[in-house]
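All chains are named by letter (A, B, ...) in the order of the sequence lines, taking the proteins before the strands, and each is independently numbered beginning at 1.
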Amino acid sequence: MVGSKNRKLTRFFLIAGVLLFFYAPIASLMVFSFNDSRSLTSWAGFSTQWYTALFANREMMSAIYVTLLVALLSTFISTVVGTLTAIGISKSRKIIRELIINVNNFPILNPEIVTAIGLMLLFSSLSIEKGLITMLVAHIIFSTPYVILTVLPKLRGLDPDIAEAAMDLGATPAQALWKVIIPLIMPGVISGALLAFTMSFDDFVISYFVSGNGVKNISILVYTMSKRINPTINALSTILVVIITVVLLIVNLLPILKKKELRGAE
Amino acid sequence: MRVFGNLVKPYMVWMSLFIVIPMLLIVLYAFTTHGNSVMAFQFTFDNFGKFFDPVFIKVMLKSIQVALITTGVCIVIGYPIAYVIANVDERWQTLLMLLVTIPMWINMLVRTYAWISILSDSGLINTFLKSINIGPLKMMYTDFAVILGMVYNFLPFMILSIYTSLAKMDKAVINASYDLGANTRQTFMKITLPLSMPGVISGVTLVFLPAVSTFIIPKFLGGGQYMLIGNLIENQFITVGEWNFGSAISLIMAIIIMLSMYMTRKIDKDIVQEAQGGNKW
């Protein structure tokens, strides 16, 4: 039995070690956002001064605004375009389907920096001034392929006759789409939208190359400010970490809780 | 059902404009001379000739080296972790995998920035070492810091990928191996490991690809002088303004990445075939 106990201990320390490695840096970042001094290493007492400084900083507030605006708009547009395209792909001939899927994979397989400079060259060739619009368009472009990729498998599991049946019963194609197909693939659409949102919210590389004229999202701001130690970045980062963690917990725990509730009702 | 087939048409236009044309523009810029006007371009190989300067070749080799070390470290740490998680009670598996994947969703700049205050000369580690009269250790602006930052950022992808292949493995095969008299080590080496290889391979691409092209991690943890291929591209576009040379470097990098992905995929196929062609025993 000694051997098995040792194995259990080894397992425990492996898991504990890797979780410590993942979370200790984030925890220290969050703890020192509440420090009463500029130092990020020695504790001088609790204070929320960096949060006050954060909310008083106009550049930071504008970056938060830009990030949220771009994330919400690009999520909405890429989810609509991606879902409709995925439905179209599933009903297309094989040759068209493969062509679209292959081209669609390009931005996913390519390093972000290559996609970024491609778009930068495109915007400059068309003499479009870099700013909020170019950032938004770029975010829609890089999110849509992921939405398509998330929605497609759901369509594959769909009975092909079901939309046909709806139309035989008098539904127009638009009604069949809106009332039959889309509700059935909703879980895929929602996970596609969540993916699009988090990717846009966290994006740095593409935004950095395609925006300009003082338009900055949170990531660009962190990039330009982090050359010096600055606890305001810690405060901003703490807020970001909390938001993302809460969203992830809700997304992951809701299905489990729902299942439990159903089981309890039975 | 052809009605719905029409839904792809707008995206085909979109895709050509925003995915295909940008790629062609990179190729066009890479093969033309300086001057940012598309209309007045002149064909040249100079941008590629310029890259074969020892300075740039060194940057490329360094990037590949750092990315390979990162990938190796991620396999060595990630495999045992994924293996342990795949073998604990199922309720714990969901929770542990959630804990492993949460960091993936946190902004990469934030995750990398977090290490600066830990590794710097007056950072947390050195403050601790000083209290027990060791150090200070120089960690920031070294290869160590850059590789650590990359492992930190990309390890979750490796764990996730290996875990997925281990979790969907048919447990009956493993039990059969034990029933036929194989011990734990033999079962692992001959059954579990080969069958989980697709997970390792896809983990390798998930780690190597961002590791070879990132410019944030080397900039934050390697300092302004630390040059990897991503930094070189960033410099050409943002600081120097040599878009043609920058495009040529990007093209070279994209080709290297595609080749390495093609090769890993081929290795993957060979291994799976070997694992499935059990008649060798």
For A:Thr144 and B:Phe18: C-alpha separation, side-chain torsions, deciding distance, then whether side-chain contact (heavy atoms from CB on, under 4.5 Å) applies. CA-CA 11 Å; A:Thr144 309; B:Phe18 293 125; over 6 Å; no
side-chain hydrogen bond (donor to acceptor under 3.5 Å, both in side chains) evaluation trace for A:Ser237 with B:Asn107: CA-CA 8 Å; A:Ser237 306; B:Asn107 195 311; over 6 Å; no
What do the steps show when you test A:Tyr208 against B:Phe215 for side-chain contact (heavy atoms from CB on, under 4.5 Å), and what is the final call? CA-CA 12 Å; A:Tyr208 178 62; B:Phe215 64 95; 3.9 Å; yes
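Most heavy-atom pairs under 4.5 Å with chain A: of the set B:Ala114, B:Gly246, B:Pro10, this distinction falls to B:Ala114. Of the listed residues (B:Val84, B:Val110, B:Leu109), the one with the most heavy-atom contacts under 4.5 Å to chain A is B:Leu109. For the options B:Leu98, B:Ile85, B:Leu17, heavy-atom pairs under 4.5 Å to chain A are most numerous at B:Leu98. Taking chain A as the reference chain and counting heavy-atom pairs below 4.5 Å, the highest number among B:Pro156, B:Gly230, B:Ser247, B:Pro210 is found for B:Pro156.
Note that the CD1 atom of A:Ile117 and the CD atom of B:Gln236 stand 10.5 Å from one another [nearest 0.5 Å].
Contacts between A:Ile218 and chain B at a heavy-atom distance below 4.5 Å are absent for every atom of the residue. The contact between A:Ile140 and chain B is made by backbone and side chain atoms together, counting heavy-atom distances below 4.5 Å. Residue contact with chain B, scored on non-hydrogen atoms closer than 4.5 Å, involves the backbone and the side chain of A:Val114 alike. Interface remark: A:Phe21 contributes backbone and side-chain atoms alike to the contact with chain B (heavy atom separation under 4.5 Å). Proximity to chain B is limited to the side chain of A:Val137, based on heavy atoms less than 4.5 angstrom apart. For A:Leu19, the part lying under 4.5 angstrom from a heavy atom of chain B is the side chain only. Only the side chain of A:Ile113 comes within less than 4.5 Å of a heavy atom in chain B; its backbone stays farther off. With a threshold of 4.5 angstrom between heavy atoms, A:Leu29 approaches chain B through side-chain atoms but not through N, CA, C or O. Of the two parts of A:Leu249, only the side chain, counted from C-beta on, holds a non-hydrogen atom closer than 4.5 Å to a non-hydrogen atom of chain B.
Heavy-atom minimum distance, B:Leu96 versus A:Ile15: CD2-CG2, 3.7 Å. Listed here is the closest heavy atom pair of A:Asp202 and B:Ile106: OD2-C, 3.9 Å.
Taking the six-membered ring where the residue is Trp, B:Phe220 and A:Tyr223 present parallel rings, their angle staying beneath 30° rather than reaching 60°.
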